[in-house]
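Have a look at the structure below before the remarks.
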Amino acid sequence: MSDVKTETVMKLAAPGAGLPWVELQVARLIFAWQFRRSSRESASALLKAEMAEIRRLATSCDKIDGSRRVLIRRIPGMEDSSRYWSVFMTLDHLRIVNGFLAETIALLGRGEIPGRVASTAAVKPDPGADATVLASLEDACGDLARTVSGITDLRATGRHAHPWFGPLDAAAWHFLAGFHMRLHRGQIRAILHGLAEDGKPSAA
């Protein structure tokens, strides 16, 4: 890594720093508007489609490429601290988040309020994540889908606060899964393009 890149990485914002204020307000409006137009079926379809596309992108790079961290430009809606991840780190982040979503939805479906505070700083990935994380992410998506299918009315639950979007019921947490996967699909594409610029093969 060059001295310039090392200096840039050292200046990344701390995990959990959030988004610029104006960008956060825009993200809230987009999330609220898209959620109002969604249904259980469309949210499930979005999650399934995003997982399929992420699988395609992740399998387009080999084990060495997938483990290489790439410094990318910050994508709107993504924290600055997340700009220096590998493909496998991004998958690990999605695995962690989807596990949290399944747990949160399950508790809300039982009439309970999660005791754990939702925090972006608490879902950062393992820098050593490897190729096995793809299967773990697939499992997490499956667990989430099964959890959702066991709840009759996702919109009739209590609410748990998201750090950016405020109190959300189980339906909103369900919609967030695909919404969030779509954001990080863009990150994976950017990482793959960064690898390609370094002379690595990419199917992005």
Side-chain angles (χ1 to χ4, degrees), residues 8-51 53-54 57 70-85 89-105 107-108 113-125 140-141 144 148 153-191 193-194:
T8 301
V9 171
M10 291 176 64
K11 290 182 179 179
L12 294 178
L19 302 178
W21 187 86
V22 172
E23 186 175 317
L24 176 59
Q25 307 315 307
V26 172
R28 286 172 173 167
L29 289 172
I30 292 173
F31 178 83
W33 180 73
Q34 293 187 1
F35 171 58
R36 282 197 298 269
R37 294 165 55 89
S38 74
S39 64
R40 177 197 292 260
E41 293 73 23
S42 65
S44 294
L46 176 61
L47 177 61
K48 183 176 181 179
E50 290 301 327
M51 183 64 249
E53 182 62 11
I54 286 171
L57 292 172
V70 176
L71 184 66
I72 64 172
R73 295 180 64 179
R74 191 179 69 80
I75 296 172
M78 188 179 77
E79 286 191 336
D80 186 64
S81 62
S82 304
R83 289 199 296 123
Y84 187 49
W85 289 1
M89 286 175 68
T90 309
L91 300 184
D92 192 46
H93 168 69
L94 294 173
R95 175 192 64 80
I96 295 168
V97 169
N98 285 346
F100 175 80
L101 294 179
E103 176 186 343
T104 298
I105 291 170
L107 288 170
L108 292 174
I113 302 299
R116 181 168 55 155
V117 174
S119 166
T120 57
V123 292
K124 297 304 179 182
C141 288
L144 177 56
V148 168
D153 189 349
L154 294 170
R155 295 179 184 263
T157 68
R159 298 189 172 200
H160 184 53
H162 183 278
W164 296 354
F165 303 127
L168 305 179
D169 60 21
W173 282 106
H174 177 212
F175 171 75
L176 179 63
F179 183 89
H180 178 251
M181 293 269 282
R182 183 171 55 198
L183 170 67
H184 286 284
R185 174 165 57 87
Q187 180 184 10
I188 292 171
R189 283 187 176 277
I191 293 170
H193 283 303

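Because the structure is a prediction, the values reported are computed rather than measured.
The closest side-chain donor-acceptor pair between Gln187 and Ser82, if any, does not fall under 3.5 angstrom. Using modelled atom types, one finds a donor on one side chain and an acceptor on the other under 3.5 Å when comparing Ser44 with His174.
No salt bridge links Glu53 with Arg182; every basic N to acidic carboxylate O contact stays at or beyond 4.0 Å. Salt bridge annotation for Arg74-Glu23: present, with a cationic side-chain nitrogen under 4.0 angstrom from a carboxylate oxygen. A salt bridge links Lys124 with Glu79; the closest basic N to acidic carboxylate O contact falls under 4.0 Å.
Judged purely by atom type and a 3.5 angstrom limit, Arg28 uses its side chain to pair as donor or acceptor with the backbone of Trp164. Of the possible polar contacts, none joining the Trp173 side chain to the Phe100 backbone as a donor-acceptor pair under 3.5 Å is found. Proximity of a side-chain donor or acceptor of Ser38 to a complementary backbone N or O of Ala43 within less than 3.5 Å is not detected.
Counting only heavy atoms from C-beta outward, the side chains of Ile188 and Leu91 approach each other to under 4.5 Å. The shortest distance between side-chain heavy atoms of Ile113 and Leu107 does not fall below 4.5 Å. Annotation: side chain of Arg83 is not in contact with side chain of Arg73 (no heavy-atom distance under 4.5 Å).
Using a 30° and 60° split on the angle between ring planes, His184 and His180 fall in the perpendicular class, above 60°.
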Exercise. Dump the intermediate steps for side-chain contact (heavy atoms from CB on, under 4.5 Å) on Leu168 and Phe31, then the final yes or no.
Key: CA-CA 11 Å; Leu168 305 179; Phe31 178 83; 4.0 Å; yes
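Counting all heavy atoms, side chain and backbone alike, Cys141 lies closest to Asn98 at SG-ND2, 3.4 Å. Heavy-atom minimum distance, Val70 versus Gly194: CG1-CA, 4.0 Å. Nearest approach of Ala161 to Ala118, heavy atoms of both residues: O-CB, 3.5 Å. Between Leu46 and Phe179, the shortest heavy-atom distance links the atoms CD2-N, 3.7 Å. Of all heavy-atom pairs spanning Arg40 and Asp153, the tightest one is NH2-N, 4.0 Å. Taking every heavy atom of both residues into account, Leu12 and Asp80 meet most closely at CA-OD2, 3.1 Å.
Atoms CD and CD1, from Gln25 and Ile30 in turn, are 12.0 Å apart once rounded to the nearest 0.5 Å. To the nearest 0.5 angstrom, Met89 atom CE is 12.0 Å from Leu94 atom CG. Atom CG of Leu183 and atom CZ of Arg185 lie 10.0 Å apart (nearest 0.5 Å). Within the model, atoms CG of Leu176 and CZ of Phe165 stand 6.5 Å from one another, a figure rounded to the nearest 0.5 Å. With rounding to the nearest 0.5 angstrom, the OG1 atom of Thr90 is 7.5 Å from the CD1 atom of Ile72.
Taking His162 as the reference, nothing meets the side chain to side chain donor-acceptor pair (under 3.5 Å) condition, with sequence neighbours excluded.
A side chain to side chain contact (heavy atoms under 4.5 Å, CB included) with Leu154 is found for exactly one of Asp169, Leu108, Ile105, namely Ile105.
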